[in-house]
Amino acid sequence: MRAAAGGPHEAGGSHISGGERLVPPSEVEFRVQELVRRALLHEKGEPDFLCVTVERVPQEAVRSLSALPISKRDVRDLEEGRSVAVEILAEAGISREAALRAVAWLAQGPAPDGGAMRGAIVMDADTGERLESDPARGVRVSRIDWHPDELPAWQDEVRHLGIANERVAEALALATKVVQTPGTVAELCWSDDPGYVTGYVASKRHGYVRIPFLKERGSPLGGRVFFVRGISTVEEYETALQTPVLLRREEKKRHDV
């Protein structure tokens, strides 16, 4: 599902909401209604463009991934939060120049019009060069969800930490898939929702690291940066990001948030 104000995204519409589920056929009708409701009740306002696409995915094409371990870095404010994000990215193998450029792009609005992108920036982990061919669209991650029995179990495990919600579950699923896609070194993300200021850095070394302050409250700017090294083409990399995946809980629980 994708929703926008001012017309379709391709015609310059402003992104409001998006989401997807990977579910058995028996759940399709209910999940479509759920996604439409999300778009219509979004805090950014009511969209005037809403597109829902339903696609059959062969069962044999779906693979399983174990969720990244979750941790949190306590920070006092936005400045410290972004400094910590750069520090973690550097530890994960990203050059300081690339990390600083990524933070600057998300902070200033990475799309050509100065707003948020529909997808993610693809950035060279060493030089900081943006590699995506369409700077308004970026690259998209799709065909991902939790195994039906795994999501409730994961939520029970982390409920006492206050993160057993849809937002964190979806972000963790996406980050897990991105980090385990060949060519990815790390990911930086914070939301473009004006009222949500928490973001994260994800990598194989650190797992999924939540940072409580990565943007100013009320700002409509945010997005994702995928730091890559050694990919053949962005097109092949995006194809890999769209292979069907269902998430399981990490094999050894290490929640520290």
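Below, all heavy atoms of this structure are taken into account, side chains as well, without hydrogens, waters or symmetry copies.
Summarising the geometry of P47 relative to I16, their closest heavy-atom pair is CA-CD1, 3.7 Å, with the distance given to 0.1 Å. Minimum heavy-atom separation, T176 to A67: OG1-CA, 3.7 Å. When all heavy atoms of L65 and R63 are compared, the closest pair comes out as CD2-NH1, 3.5 Å. Closest approach of A240 and T243 over heavy atoms only: O-OG1, 3.0 Å. Here the closest non-hydrogen pair linking I231 and P182 is CG2-O, 4.4 Å.
For the pairing with I94, the side-chain contact (heavy atoms from CB on, under 4.5 Å) check across V86, I88, L89 returns one residue only, L89.
L221 and W190 are members of different hydrophobic clusters when ILVMFWY side chains are connected at heavy-atom separations under 4.5 Å. Both V179 and Y237 are assigned to one and the same hydrophobic cluster, defined by single-linkage of ILVMFWY side chains at heavy-atom distances under 4.5 Å. Under the 4.5 Å side-chain heavy-atom criterion for Ile, Leu, Val, Met, Phe, Trp and Tyr, L241 and Y200 are members of the same hydrophobic cluster. Grouping the Ile, Leu, Val, Met, Phe, Trp and Tyr side chains by contacts below 4.5 angstrom, directly or via other members, places L50 apart from F30. Linking ILVMFWY side-chain heavy atoms closer than 4.5 Å, directly or via other members, places Y208 and I211 in two distinct hydrophobic clusters.
Remark: side-chain polar atoms of K177 are paired, donor with acceptor, to backbone N or O of S142 under 3.5 angstrom. The closest donor-acceptor contact from the side chain of S219 to the backbone of E216 lies at 3.5 Å or more, if one exists at all. Formation of a donor-acceptor pair under 3.5 Å by the E20 side chain with backbone atoms of R143 is found in this model. In this structure a side-chain-to-backbone donor-acceptor pair under 3.5 Å is missing from K215 to A107. The backbone N or O of R249 sits less than 3.5 Å from a side-chain atom of E150, completing a donor-acceptor pair. A donor-acceptor pair under 3.5 Å links the side-chain atoms of D134 to the main chain of A136, judged by distance alone. At distances below 3.5 Å, at least one donor-acceptor pair connects side-chain atoms of R82 with backbone N or O atoms of L214. At least one donor-acceptor pair closer than 3.5 Å links the side chain of T233 to the backbone N or O of E236. Of the possible donor and acceptor atoms, one in the side chain of D48 sits under 3.5 Å from a partner among the backbone N and O of G6. T239 places a side-chain N or O within 3.5 Å of a backbone atom of E235 that can act as its donor or acceptor partner.
The closest side-chain heavy-atom distance from V245 to V62 is not below 4.5 Å. No side-chain heavy atom of M1 sits less than 4.5 Å from a side-chain heavy atom of R21. V32 places none of its side-chain heavy atoms less than 4.5 Å from the side chain of E29. By the 4.5 Å heavy-atom criterion applied to side chains, F49 and R2 are counted as neighbours.
Salt-bridge annotation for R38 and E170: present, with a side-chain N of the basic residue lying under 4.0 Å from a carboxylate O of the acidic one. Contact check on R37 versus E34 returns no salt bridge, with no Lys/Arg side-chain nitrogen under 4.0 Å from an Asp/Glu carboxylate oxygen. The residues R137 and E132 are annotated as not salt-bridged, no charged nitrogen and carboxylate oxygen being separated by less than 4.0 angstrom. Using a cutoff of 4.0 Å between basic side-chain nitrogens and carboxylate oxygens, R224 and E187 are scored as salt-bridged. Looking at E238 and R140, no side-chain N of the basic residue comes within less than 4.0 Å of a carboxylate O on the acidic one, giving no salt bridge.
Remark: R76 is not positioned above the aromatic ring of F213, lacking an NZ or CZ atom under 6.0 angstrom from the ring centre and at most 45 degrees off the axis.
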Check your understanding: Does the pair F227 and V178 meet the rule for a side chain to side chain contact (heavy atoms under 4.5 Å, CB included), with working shown?
Key -> CA-CA 10 Å; F227 298 91; V178 170; over 6 Å; no

Exercise for review: Check the pair D193, R167 against side chain to side chain contact (heavy atoms under 4.5 Å, CB included), reporting the backbone distance first and the verdict last.
Suggested key: CA-CA 11 Å; D193 286 356; R167 184 191 294 269; 3.4 Å; yes

Exercise for review: Give the intermediate values and the outcome of side chain to side chain contact (heavy atoms under 4.5 Å, CB included) for residues R210 and I70.
Suggested key: CA-CA 7 Å; R210 302 180 75 236; I70 302 178; 4.1 Å; yes

Practice item. Kindly indicate, with the supporting measurements, whether the criterion side chain to side chain contact (heavy atoms under 4.5 Å, CB included) is fulfilled by D124 and V228. Key: CA-CA 5 Å; D124 187 292; V228 299; 5.6 Å; no

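Within a 6.0 Å sphere centred on CZ of R159, other residues, nucleotides and ligands contribute more than 12 heavy atoms.
If you check the side chains of S64 and H147, you find a donor sitting under 3.5 Å from an acceptor.
By the 30° and 60° cut-offs, the orientation of the rings of W154 relative to W146 is tilted.
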